[in-house]
Amino acid sequence: MSATGIGAAVRRKEDLRFVTGKGQYTDDVIRPGETRAVFVRSPHAHAKIKSIDISAAKTMPGVIAVLTGKELAGDKIGNLICGWMIHSKDGTPMKMAPHPALAAETVCHVGDPVVVVIAETQAQGRDAAEKVKIDYQVLPAIVDPAKAKSGPQIHDVAPKNTIYEWSLGDAKAVDAAFATAKHVTQLDIVNNRLVPNAIEPRVALAEYDAGTDQLTLWNTTQNPHVSRLVIAAFVGMAPEHKLRVIAPDVGGGFGSKIFIYPEEVVCLWAARKVGRPVKWTADRSESFVTDAHGRDHVTHAELALDVNGKMLAMRVRTIANLGAYMSTFSSSVPTYLYATLLSGQYDIPHIYCEVDAVYTNTVPVDAYRGAGRPEATFVVERLVEVAARQMGIDPADLRKRNFIKSFPHQTPVIMAYDAGDYNASLKKALDLADVKGFNKRKRESTRNGKLRGIGYSTYIEACGIAPSQAVGSLGCGVGLWESAEVRVNPTGSVEVLTGTHAHGQGHETTFAQLVSERLGIPFENVSIVHGDTDKVQFGMGTYGSRSGAVGMSAIVKALDKIEAKAKKVAAHMLEAAEGDIVFKDGKFTVAGTDKSAAWGDVSLNAYIAHKFAGQELEPGLKETSFYDPTNFTFPAGCHICEVEVDRDTGKAEIVNWTAVDDFGTVINPMIVEGQVHGGIAQGIGQALLENVVYDKDGQLVSGSLMDYSMPHAHDLPSFQVGLTETKSPSNPLGIKGCGEAGAIAAPAAVINAITDAIGTEELTMPATAQAVWTALKVAQPRQAA
Amino acid sequence: MYNFTFHRPTTVRQAAGLLARNPEAKLLAGGHSLLPVMKQRLASPSALIDLSLVEGLSGVEQKGRSIVIGAMTRHADAANSSVLQQALPGLAMVPASIGDPQVRNRGTIGGSIANNDPNADYPAACLGLGATIITNKRRIAADDFFTGMFSTALEDGEIVTKVSFPIAKKAAYEKFKHPASGFALVGVFVSKRGSDIRVAVTGAGANGVFRVKSFEEALKKRFAAKSLEGMTIPATGMNSDIHASPEYRAHLVGVLARRALAKAA
Amino acid sequence: MPAVSMTVNGKAVTGDVEARTLLVQFLRENLRLTGTHVGCDTSQCGACVVHIDGIAAKSCTTLALQCEGAKITTIEGLAEPNGPLHPMQEAFRENHGLQCGFCTPGMIMAALDIVRRRGHDLDEHTIREQLDGNICRCTGYHNIVKAIAAGAKAMAKDGSRQAAE
């Protein structure tokens with residue numbers, strides 16, 4: 001392993017600009033003549049718009065325009081879409097309600113945008129926005145997903161607010177298995193709704209060049225090409241080749257910046273109308289009512305086991321709240337990204353899952369770090385831990401008895417796991433976490449008046465999203481391959497144009513490590529280019545832990561082509577047969593001789609083209625690959641959480657965290673660990689702190705950071721992180737991906753630990769101090785002070 | 001925020017004059033309560049009168065058997081004051097626990113008590129020590145100063161210049177932080193000065209900071225956690241929100257009072 | 001519009017601002033120093049932290065006019081362009097104390113203030129407590145804590161470059 005090759009903890013190239021404040025995030029982009037957009041949003045969860053009076057607003061200082069949904073529709077700007085078709089059990093397609101970028105007739109959630117003010121300054125825009133008079137007829141709102149089917153109907157197309165009633169698996173076989181079970185564990189679980197809250201709020205900056213009839217959008221997006229395609233072809237803003245989308249530095253995404261939102265559509269439309277660039281920057285409280293939320297499942301789950309604790313079957317019923325409108329990928333999250341992971345790491349012969357997705361008068365819900373897999377892992381790992389407790393079996397032991405041990409393994413829920421060793425990660429985690437010493441530590445805690453508990457989460461997930469035909473057959477409207485163009489310059493340096501995009505994952509470094517090692521050229525001589533639809537060929541973007549598994553594989557394929565062509569050039573230079581050329585460590589040699597050519601000479605020759613005829617070999621050295629993976633990848637591992645609970649206050653402190661993950665091949669262990677840390681932190685946030693709260697009228701009570709508890713440094717422990725490795729067989733590098741694993745594994749580990757400490761399973765998530773105290777009071781009146 | 005005019009007087013008299021001439025004006029101390037509210041457009045003063053250039057409003061001094069803190073003393077400076085740490089360390093616990101380090105670099109005692117946020121920390125200290133709030137017009141006992149949520153006995157045009165705390169031999173503050181905002185979900189200040197025993201609670205009460213008479217009675221015999229064993233206060237009148245029920249707050253009052261007493265020993 | 005004058009990163013600057021202009025807006029919009037970021041609207045996230053007369057403060061909760069005559073240091077003022085990085089900046093890079101980079105300027109400026117107040121020998125518990133005013137969504141703080149401890153130590157060695165003035 002070289003100092004800058006695969007497996008090296010190379011320090012990041014991108015850090016220089018970030019630590020010196022020279023990053024260019026979307027709000028940092030300033031265009032000449034820039035104006036500011038301020039949205040007027042619905043204060044009601046559900047209402048008819050009776051009239052809109054913009055006359056006073058239009059006369060306010062600095063106002064350039066005040067625009068409404070009626071004008072948007074009049075200009076033939078189409079609605080936002082959900083791009084993944086899901087069918088109900090009866091074969092009917094999902095009920096996708098119209099989602100205009102500016103509401104014209106009805107508002108369906110607090111925050112639904114209705115009017116946009118374009119002004120010289122943000123402050124003037126806000127002053128004018130207050131003068132817009134909208135007459136609403138308030139309608140009853142439905143907020144609770146469990147009650148949505150009997151609540152007031154929100155959309156004409158969706159009776160009983162039902163989007164789809166979907167299922168996966170063999171219900172009859174599951175029922176039969178349950179009939180033979182010795183033990184059945186049942187749980188009712190709420191997977192709490194979350195706000196992604198990337199620290200950079202969303203921004204859209206749109207500019208129209210009338211001379212070239214060209215629109216440009218700078219946007220905090222994780223996938224500029226997808227945004228361009230949707231806004232051009234589906235929303236109908238402009239022909240695709242007349243729209244350029246640029247994602248500069250993006251400050252965190254976690255899924256929330258995948259989707260195509262009203263704001264960028266409106267800014268583009270407004271920029272063309274007013275003839276000046278239009279910039280919208282979200283306030284944090286605005287983010288709370290516009291960024292897609294995550295999770296929000298209500299689940300009843302059952303696990304059937306035999307007398308030896310062998311799992312026989314699992315039955316799950318989930319109501320998934322998708323909010324007021326179907327966001328871009330929303331339909332897939334509680335179906336194909338959720339139910340397909342219910343086998344966990346276990347050999348479960350029969351699984352049946354039903355998912356009903358419903359509309360409510362809340363912010364739309366879509367993928368958020370883990371997207372469906374945290375929800376699945378929570379169900380599985382809580383069932384397993386509780387089953388172990390109920391049956392008097394050690395929780396690690398019960399898992400071992402049921403681990404899948406031979407691969408490939410076809411689960412009953414579509415996924416076929418290709419490679420893994422779940423025993424290895426469990427064993428390593430047990431050692432690192434010193435589980436043997438737990439009882440001693442527990443006695444010490446008891447002496448100090450605290451309750452100590454330990455909890456496991458042996459998770460598996462499916463990522464490296466995804467094989468196009470597979471997801472196409474499941475309803476996805478796009479393919480999920482990835483692209484790469486490797487451009488070798490005459491002087492031998494290389495640019496890689498990747499269709500992925502980074503918002504913290506360090507691709508400029510890791511992708512350069514790959515290329516540097518493969519071509520034997522210095523790490524400094526490799527640049528990674530992403531985020532601009534004018535520069536980079538179509539790509540699907542970054543989410544679903546795919547940039548390594550799929551994005552790097554595309555680079556590998558392109559490098560294969562580069563190597564093949566470079567060998568041809570070298571053959572001409574060295575006057576040898578192409579088949580005799582060996583390429584190693586940046587040098588081309590004629591096999592069995594000492595005749596060689598350096599990389600830089602070959603690249604130069606490729607462009608000077610003096611040594612060969614253009615008819616037999618084209619000049620240049622640049623190759624493209626579009627790589628379609630053959631399978632999902634299946635990272636898996638074991639997280640162990642140890643907590644101490646202050647029984648007087650209910651406050652739980654995490655005193656130890658051990659994570660052992662199998663990510664297959666690791667390009668940069670420092671970056672991989674960072675991804676694990678960040679994912680665990682978000683998982684702990686869900687388990688202990690974060691919760692979106694609506695009141696019964698659909699008002700967002702947790703509407704700012706004053707009421708939504710984000711994890712701070714003092715809420716979290718340091719993490720002990722280890723790795724095991726079984727390479728993924730389905731991509732050339734053997735990468736599984738690591739971006740979401742921590743968020744997927746963590747919540748179950750935390751709740752398992754706290755319930756262990758307090759001796760009751762009746763605990764809601766987030767397990768705030770009050771929730772734990774309440775659980776203690778109910779379960780053990782003597783324990784609670 | 002809405003716009004306003006900005007003034008930087010250099011004396012208390014100038015500041016008072018500006019207040020008198022601008023009835024819709026507000027004083028600006030550290031700004032970390034006022035400016036956030038203005039940014040939300042929930043307050044729209046016509047003018048801000050910045051006190052940061054006014055001489056003589058900062059500092060921590062021992063004057064006889066009292067500690068006197070200037071109204072513009074930043075929380076960080078009060079918390080780190082060696083005078084305070086020596087003479088009345090229980091009081092130093094309060095500014096040390098406010099907000100976060102950046103808030104503590106700018107926020108002031110005068111601003112905090114004049115605002116009387118029901119979740120703020122200093123009001124518990126003032127009530128918990130029987131402080132005297134000194135303004136440009138008069139001296140007001142803490143027991144008379146805090147009149148309800150966000151309301152005080154201050155009259156229009158009155159400016160807090162310093163706060164005088166009697167030195168109690170035993171004093172301490174215990175706070176349970178709100179998990180999102182960092183304010184006091186519940187905060188309890190206890191003190192004993194001779195026969196004067198005080199237990200003041202912030203964060204819990206629907207009407208702002210209050211004293212717990214039943215605890216003060218129980219502590220007369222012995223000023224120790226044991227005297228409050230098993231004691232709690234009724235849940236009625238306690239705040240209720242998505243973070244804590246009245247019952248939980250009431251429960252925390254007892255827990256924190258006992259912990260404060262253990263610290264005060 | 002009132003005029004305001006201050007020194008930013010050693011340079012005297014002036015501008016015309018509304019009274020309601022926040023320091024962070026003055027820095028980002030008037031001076032085009034976009035390294036200081038806005039991440040929230042409730043004065044909690046810390047992305048906007050700068051130094052005012054050597055002391056860390058939230059520039060989103062400070063009016064530009066409150067800084068008349070003050071010395072402001074932003075992230076851009078810690079190192080000369082093309083010059084060596086400040087030890088704390090170097091420590092963040094060395095220890096992977098950042099991912100998306102958005103919270104990083106405020107995090108580094110806050111870190112320097114921790115050193116000013118608590119010295120160069122910082123333990124994990126202290127650092128975590130003192131980061132109460134800075135939220136990161138990417139890193140889980142583990143490497144930020146390591147970076148700050150390392151940066152603090154490096155600043156002690158590099159005696160000539162104490163916490164930014």
Side-chain angles (χ1 to χ4, degrees), chain A residues 9 11-12 14-25 27-28 30 122-123 196-201 249-254 281 283-286 502-506 670-671 673-682 684 704-706 710-719 721 742, chain C residues 18 20-21 25 28-29 32-45 47 74-79 81 85-86 88-90 92-105 108 124-125 127-146:
Chain A
R11 298 320 189 243
R12 301 192 330 166
E14 34 279 82
D15 288 357
L16 179 60
R17 66 182 185 276
F18 292 149
V19 301
T20 54
K22 301 244 184 304
Q24 189 170 70
Y25 300 89
D27 192 58
D28 301 339
I30 298 173
Q122 177 89 344
N197 274 332
I199 305 298
E200 180 205 27
D249 288 323
V250 174
F254 316 113
T281 303
D283 291 329
R284 180 56 56 184
S285 340
E286 208 175 0
H503 33 279
Q505 297 90 333
M670 177 188 80
I671 287 182
E673 276 182 19
Q675 290 300 305
V676 175
H677 296 164
I680 295 171
Q682 287 183 304
I684 292 173
S704 79
L705 297 181
M706 291 292 278
M710 292 283 281
H712 288 71
H714 59 77
D715 293 314
L716 298 168
S718 285
F719 309 109
V721 172
Chain C
E18 289 188 309
R20 61 180 167 176
T21 302
Q25 291 165 324
R28 289 179 57 77
E29 294 168 29
R32 302 279 170 106
L33 291 170
T34 55
T36 305
H37 299 145
V38 175
C40 80
D41 53 7
T42 48
S43 310
Q44 291 174 265
C45 78
T74 71
I75 187 74
E76 292 96 337
L78 293 191
L85 292 180
H86 186 287
M88 188 58 79
Q89 290 170 311
E90 186 57 56
F92 268 73
R93 174 164 67 177
E94 180 60 28
N95 289 278
H96 191 37
L98 62 146
Q99 290 180 23
C100 82
F102 196 78
C103 78
T104 306
I108 290 175
E124 178 185 346
H125 179 78
I127 295 172
R128 287 182 181 275
E129 293 282 307
Q130 296 299 313
L131 285 178
D132 203 19
N134 292 79
I135 304 179
C136 173
R137 200 45 155 165
C138 292
T139 68
Y141 304 100
H142 180 115
N143 285 340
I144 291 178
V145 173
K146 276 174 63 183

For A/F254, the ring-ring contact (aromatic ring centres under 6.0 Å, His included) test, sequence neighbours excluded, returns none
Heavy-atom cut-off 4.5 Å, strictly under: side chain, backbone, both or neither for C/I135 against chain A? both
Interface check, chain C: of A/D715, A/D249, A/I671, most non-hydrogen pairs under 4.5 Å belong to A/I671
Side chain / backbone / both / neither for C/Y141 at chain A, heavy atoms under 4.5 Å: side chain
So for C/E94, is it side chain, backbone, both, or neither that comes closer than 4.5 Å to the heavy atoms of chain A? both
Atom group of A/A123 that falls short of 4.5 Å from chain C, counting heavy atoms: both
Regarding A/Q505 and A/H503, do their side chains bring together a donor and an acceptor under 3.5 Å, going by distance alone? yes
Interface residue of largest heavy-atom contact number with chain C, from A/S704, A/P717, A/G742, under 4.5 Å: A/P717
With only heavy atoms counted, which part of A/M710 is less than 4.5 Å from chain C, the side chain, the backbone, both or neither? side chain
Taking side chain as everything from C-beta outward and backbone as N, CA, C, O, which of these in C/T139 sits under 4.5 Å from a heavy atom of chain A? Side chain, backbone, both or neither. backbone
Under 4.5 Å heavy-atom distance to chain A, tell me which part of C/V38 shows up: side chain, backbone, both or neither. backbone
Contacting region of A/I199 [heavy-atom separation from chain C under 4.5 Å]: both
